Enquirer: 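One structure follows; several queries about it will come next.
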Amino acid sequence: VFLWNLLIDAYGRFGDAVSARKIFGNLAGKNIYSWSLMLSAYARNEHLDLAEEVYAAMPEWNLVCWNTLLTAYKQHSRVESAKLLFDSIQERTLMSWNLLLTAYTQNRYLKEAKLLFDKMPEWDQVSFTSMLTGYVRTSDIGQAKALYERMPYWDLVVSTAMLSAYSLAGHLEDAESIFYRMQEWNLVSWNAILSAYSRHGRLDVARKIFDGMRERNIISWNALLSAYALKGHVKQAKLVFESMLEWNLISWTTMLTGYCLNGCLEEAKLVF
RNA sequence: CACUGACCAUGUAUG
């Protein structure tokens with residue numbers, strides 16, 4: 001059963017809920033892990049209705065499956081359902097609280113988020129990050145900063161969130177000072193500072209950061225691309241675009257917007 | 001063996 005469970009998990013993560021379902025369906029002696037894995041396979045792959053069916057059919061429920069269903073509701077913006085589930089479950093961990101909080105903040109229920117945050121039995125870095133991004137989404141940089149300064153310490157994720165918040169609010173220098181005071185960096189935080197410079201039109205610095213990065217992903221490339229495309233350097237942007245190894249919807253939209261902003265309507269049409 | 005937070009374009013509700 002362990003091994004079959006691993007396979008269900010793999011298919012679920014790969015996005016193939018149908019194959020996961022086949023294995024699950026034929027599996028004799030399903031345990032609570034099998035059920036939870038099937039539940040998250042559906043939850044991850046945009047099948048909320050099927051996830052609910054699996055949940056309803058489960059022989060028993062535990063914390064993990066409640067949390068998984070909360071995650072699914074949150075991702076599908078079913079905030080009311082998340083709240084109902086949260087109120088009805090037998091036990092809650094900090095993660096369950098964080099999930100409801102994130103359901104609120106990601107869907108801009110800021111008042112509810114604030115009330116819940118103040119009612120929580122404890123907070124961890126996730127709780128703070130979630131509340132912080134709630135403020136950011138509602139453009140309240142002041143509250144975001146106040147919350148950040150209340151924290152006992154800062155991990156990589158919450159620092160990156162605050163860095164991006166400053167950048168979004170137009171405070172490049174505050175973003176920089178967070179970055180340089182951090183104890184550790186990863187690809188995401190490098191991308192965040194790169195995009196901060198890019199957003200503020202500091203093309204030279206953005207380029208240097210990009211060139212100096214040890215690893216890059218498509219987000220890094222798109223950030224550099226937008227530095228050029230949206231600040232009037234269409235030719236440079238085109239060069240970057242052509243050296244990219246892969247493109248996604250964001251790359252194309254960036255390039256298209258760049259052409260439009262610079263009056264290159266023919267090129268824009270071609271891209272489109 | 002299962003569950004939560006941060007990074008990229010455009011748009012995102014007094015139009």
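Everything numeric here is computed off the predicted structure, so don't read it as measured data. In what follows, chains carry the letters A, B, and so on, assigned in the order in which the sequence lines appear, proteins first and then strands, with residues in each chain numbered from 1.
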Enquirer: Please give the distance between the C1' atoms of B:rG11 and B:rG15 as a whole number of Å.
Expert: 13 Å
Enquirer: For the side chain of A:N186 and the base of B:rA6, is some donor closer than 3.5 Å to an acceptor across the two?
Expert: yes
Enquirer: Nearest to the A:Q106 side chain among B:rG5, B:rC3, B:rC1, which nucleotide is it?
Expert: B:rG5
Enquirer: Looking at the base of B:rG5, is there any donor atom on it, or on the side chain of A:D124, that sits under 3.5 Å from an acceptor on the other one?
Expert: no
Enquirer: Considering only B:rA9, B:rC7, B:rC3, which nucleotide approaches the side chain of A:S195 most closely?
Expert: B:rC7
Enquirer: Where the side chain of A:S88 meets the backbone of A:L84, is there a donor-acceptor pair that is under 3.5 Å apart?
Expert: yes
Enquirer: Could you tell me whether A:R216 contacts a base, only the sugar-phosphate backbone, or nothing, with contacts defined as non-hydrogen atoms closer than 4.0 Å?
Expert: nothing
Enquirer: Let me know the distance between CH2 of A:W252 and P of B:rA9, rounded to the nearest Å.
Expert: 18 Å
Enquirer: Can you tell which of A:M213, A:R216, A:R199 makes a side chain to side chain contact (heavy atoms under 4.5 Å, CB included) with A:L194?
Expert: A:M213
Enquirer: Picking from B:rC3, B:rA6, B:rA9, which would you name as closest to the side chain of A:M95?
Expert: B:rC3
Enquirer: Base, sugar-phosphate, or nothing for A:D155, non-hydrogen atoms under 4.0 angstrom?
Expert: base
Enquirer: Please give, in whole Å, the distance from B:rC7 P to A:I193 CD1?
Expert: 14 Å
Enquirer: Whole angstroms only, please: what is the CG-C1' distance between A:N31 and B:rA2?
Expert: 10 Å
Enquirer: When we call it a touch if two heavy atoms are under 4.0 Å apart, what does A:S251 touch: a base, just sugar-phosphate, or nothing?
Expert: nothing
Enquirer: May I ask you to decide if the ring planes of A:W190 and A:W185 are parallel, tilted or perpendicular, using 30° and 60° as cut-offs?
Expert: tilted
Enquirer: Have a look at A:N62 and say if it touches a base, only the backbone sugar-phosphate, or nothing, with a 4.0 Å heavy-atom cut-off.
Expert: base
Enquirer: At less than 3.5 Å, do the side-chain atoms of A:S130 and the base atoms of B:rG5 form a donor-acceptor pair?
Expert: no
Enquirer: With a 4.0 Å cut-off on heavy atoms, is A:L230 in touch with a base, just the backbone sugar-phosphate, or nothing at all?
Expert: sugar-phosphate
Enquirer: Compare the minimum distances between each of B:rA9, B:rA2, B:rC7 and the side chain of A:T254, then state the nucleotide with the smallest one.
Expert: B:rA9
Enquirer: Quote, to the nearest angstrom, the C1' distance that separates B:rA2 from B:rA6.
Expert: 24 Å
Enquirer: Taking atom C1' of B:rA9 as reference, at what distance in whole Å does atom CG of A:N191 sit?
Expert: 14 Å
Enquirer: Of the nucleotides B:rU10, B:rC8, B:rG5, which one has an atom closest to the side chain of A:V158?
Expert: B:rG5
Enquirer: Check the distance between B:rG11's P and A:R108's CZ and give it to me in whole angstrom.
Expert: 14 Å
Enquirer: Should the ring pair A:Y228 and A:H233 be called parallel, tilted or perpendicular, given that the plane angle runs from 0 to 90° and is split at 30 and 60?
Expert: perpendicular
Enquirer: Looking for any heavy atom pair under 4.0 Å, which part of the strands does A:T68 touch: base, sugar-phosphate only, or nothing?
Expert: sugar-phosphate
Enquirer: Just the rounded figure in Å: distance from P of B:rA6 to CE of A:M131.
Expert: 14 Å
Enquirer: State which of B:rU4, B:rA6, B:rA2 makes the closest approach to the side chain of A:T102.
Expert: B:rU4
Enquirer: Is the ring pair A:F128/A:W123 parallel, tilted or perpendicular, if the boundaries are 30 and 60 degrees?
Expert: tilted
Enquirer: A:K74 side chain: which of B:rC8, B:rG5, B:rC3 is closest?
Expert: B:rG5
Enquirer: For the side chain of A:L6, counting heavy atoms from C-beta on, which of B:rC1, B:rA6, B:rA9 is nearest?
Expert: B:rC1
Enquirer: Output, in order, the C-alpha distance, side-chain angles, deciding distance and verdict of side chain to side chain contact (heavy atoms under 4.5 Å, CB included) for A:L172 and A:Y197.
Expert: CA-CA 8 Å; A:L172 180 59; A:Y197 285 119; 4.1 Å; yes
Enquirer: Write down the distance between CE (A:M38) and C1' (B:rA2), rounded to a whole number of angstrom.
Expert: 13 Å
Enquirer: Please report the distance separating the C1' of B:rG5 from the corresponding atom of B:rC1, rounded so that it comes out in whole Å.
Expert: 24 Å
Enquirer: Closest approach to the side chain of A:I32, judged atom by atom: which nucleotide of B:rG5, B:rA2, B:rC8 is it?
Expert: B:rA2
Enquirer: Quick one: which of B:rC3, B:rG5, B:rC1 gets closest to the side chain of A:F2?
Expert: B:rC1
Enquirer: Taking CG from A:L101 and P from B:rA6, how many angstroms apart are they, rounded to a whole number?
Expert: 12 Å
Enquirer: Can you tell me if A:S177 and A:D174 form a side-chain donor-acceptor pair at under 3.5 Å?
Expert: no
